[in-house]
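The analysis underlying the following values was restricted to heavy atoms, covering all of them including side chains, and did not include hydrogens, waters or symmetry mates.
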Amino acid sequence: MKKRMMALLLAGVMAATMCGCGSKDDGKKVYKVATDTTFAPFEFENDEGNMVGIDLDLLKAIAEDQGFEYEIEYVGFSAAVTALEAGEVDAVIAGMSITDERKETFDFSDAYYDADVTMAVAAGSSIASYDDLNGKKVAVKTATNGSDYAKSIADQYGFDIVEFKDSPTMYQDVITGNTVACFEDYPVMAYNIKQGAGMEMPEGTTAAGSSYGFAVQKGQNAELLEMFNKGLADIKANGTYQEIVDKYTK
């Protein structure tokens with residue numbers, strides 16, 4: 001899978017190419033946007049080897065609506081956040097939860113997706129509730145909504161946390177029994193189970209989560225954030241937003 005890909009979008013015209021620059025020959029800004037590599041249905045590699053997902057389609061539609069150009073860098077969630085902190089990219093779109101802690105470092109767009117958190121276990125597991133996690137190991141993906149939630153209840157339910165850098169490795173660890181459960185955003189877990197992951201979500205283990213936002217470095221790229229918000233409002237109004245979400249969740 002290509003770790004770096006560029007998608008250039010103009011108002012009404014789209015062209016894709018490979019490049020590492022931050023501007024075109026005509027001097028027009030090309031925003032660098034980092035994202036995750038495996039967070040279906042928001043970003044993932046399809047059977048044809050192309051990166052697709054809700055986040056990517058939304059960004060494409062918004063950029064097309066607002067007439068700005070961008071370059072996508074597929075680096076993984078933790079690396080994307082680190083790159084934004086360091087000013088190596090202009091923005092991150094990666095199912096990134098809007099939290100008070102993150103607001104200290106980043107400026108966020110209006111929320112573009114609301115996601116609850118759920119617990120998932122291997123299919124046929126005897127783990128049916130949080131109480132069953134006592135004295136056991138639970139998997140989380142580093143720096144995610146699911147990780148934050150699991151850590152917030154770990155002491156209460158007496159389980160230990162094992163961290164992973166990506167969702168597929170985390171799922172496999174649960175399926176093979178090294179850990180007994182994992183915490184993941186509900187739409188992500190539901191999609192993977194629908195695609196055949198050998199897991200299930202016990203009844204009553206879904207909790208209120210958070211909203212996803214498009215993030216930029218605090219105090220930087222205000223014009224990009226404004227365009228994202230305007231474009232998001234436009235594609236919600238004209239129905240494009242719902243078409244994109246339904247494409248991956250129905």
Side-chain angles (χ1 to χ4, degrees), residues 1-46 48-96 98 102-103 105-113 143 212-236 238 240-241 243-244 247-248:
M1 180 181 66
K2 294 179 180 177
K3 294 296 183 182
R4 193 175 185 191
M5 185 179 297
M6 180 163 90
L8 291 179
L9 291 126
L10 299 171
V13 181
M14 181 188 76
T17 184
M18 297 295 295
C19 179
C21 58
S23 62
K24 293 179 62 181
D25 291 340
D26 60 8
K28 187 171 182 178
K29 174 76 173 180
V30 178
Y31 295 99
K32 292 184 178 180
V33 182
T35 189
D36 206 344
T37 55
T38 50
F39 194 57
F42 292 90
E43 44 267 334
F44 63 101
E45 184 178 323
N46 65 13
E48 289 73 45
N50 299 316
M51 290 299 294
V52 296
I54 293 173
D55 283 347
L56 305 183
D57 285 8
L58 287 179
L59 181 58
K60 172 184 171 182
I62 288 169
E64 203 166 35
D65 179 84
Q66 291 294 301
F68 66 83
E69 304 176 23
Y70 67 91
E71 171 185 309
I72 285 282
E73 297 193 2
Y74 301 98
V75 296
F77 184 76
S78 294
V81 174
T82 299
L84 184 56
E85 285 182 302
E88 296 171 355
V89 296
D90 298 301
V92 166
I93 186 167
M96 188 173 178
I98 302 170
R102 286 176 176 159
K103 285 180 179 179
T105 307
F106 309 113
D107 289 329
F108 284 93
S109 68
D110 296 335
Y112 67 83
Y113 196 95
Y212 295 164
F214 179 78
V216 299
Q217 201 172 35
K218 198 166 188 67
Q220 303 294 319
N221 287 308
E223 74 289 343
L224 176 58
L225 208 57
E226 183 178 2
M227 287 189 291
F228 186 94
N229 285 336
K230 287 182 178 178
L232 178 62
D234 286 349
I235 67 171
K236 282 186 173 182
N238 65 28
T240 301
Y241 173 90
E243 289 177 5
I244 290 171
K247 174 181 174 182
Y248 292 98

With sequence neighbours excluded, tell me which residues meet salt bridge (charged side-chain N to carboxylate O under 4.0 Å, His left out) with Asp36.
-> Lys141

Is the closest side-chain heavy-atom distance between Tyr248 and Val52 below 4.5 Å?
-> yes

Geometric class of the Phe39/Tyr212 ring pair [parallel <30°, tilted 30-60°, perpendicular >60°] | tilted

If every non-hydrogen atom of Ala91 is compared with every non-hydrogen atom of Phe214, which pair is closest and at what distance?
-> CB-CZ, 3.3 Å

What distance separates Thr240 OG1 from Asp65 CG, expressed to the nearest 0.5 Å?
-> 8.0 Å

By salt bridge (charged side-chain N to carboxylate O under 4.0 Å, His left out), Glu88 pairs with (sequence neighbours left out) none

Shortest non-hydrogen separation from Val75 to Ala79 and the atoms involved | O-CB, 3.3 Å

With sequence neighbours excluded, what pairs up with Lys236 under the salt bridge (charged side-chain N to carboxylate O under 4.0 Å, His left out) test?
-> none

Can you name the residues that form a salt bridge (charged side-chain N to carboxylate O under 4.0 Å, His left out) with Lys103, not counting sequence neighbours?
-> none

With sequence neighbours left out, the residues meeting side chain to side chain donor-acceptor pair (under 3.5 Å) with Ser109 are none

Between Thr35 and Phe42, is any pair of side-chain heavy atoms under 4.5 Å apart?
-> no

Looking at side-chain heavy atoms only, is the closest gap between Tyr112 and Ile62 below 4.5 Å?
-> no

Nearest-0.5 Å distance that lies between atom CG in Leu225 and atom NZ in Lys230 | 11.5 Å

Close side-chain approach of Lys28 and Phe68, heavy atoms under 4.5 Å | no

Over all atoms of both residues, closest heavy-atom pair of Glu85 and Phe106 = CG-CZ, 3.4 Å

What distance separates Lys218 NZ from Thr105 OG1, expressed to the nearest 0.5 Å?
-> 8.0 Å

In Å, rounded to the nearest 0.5 Å, how long is the span from CG of Asp234 to CG of Asn229?
-> 11.0 Å

Quick one: closest heavy-atom pair of Met96 and Val81, and the distance?
-> CE-CG2, 4.2 Å

Is Lys247 salt-bridged to Glu243, cutoff N-O under 4.0 Å?
-> no

Would you name the heavy atoms of Glu43 and Asp55 that are closest together and state the gap between them?
-> OE1-OD2, 2.8 Å

Closest contact, heavy atoms only, Ile54 versus Ile244 = O-CG2, 4.0 Å

Between Tyr241 and Ile235, is there a donor-acceptor pair closer than 3.5 Å when you use the side chain of the first and the backbone of the second?
-> no

Taking only residues two or more places apart in sequence, or in another chain, which ones meet Asn221 in a side-chain contact (heavy atoms from CB on, under 4.5 Å)?
-> Tyr31, Asp90, Val216, Glu223, Leu224

Criterion side-chain contact (heavy atoms from CB on, under 4.5 Å) on Tyr113 and Leu58, from CA distance to verdict | CA-CA 11 Å; Tyr113 196 95; Leu58 287 179; over 6 Å; no

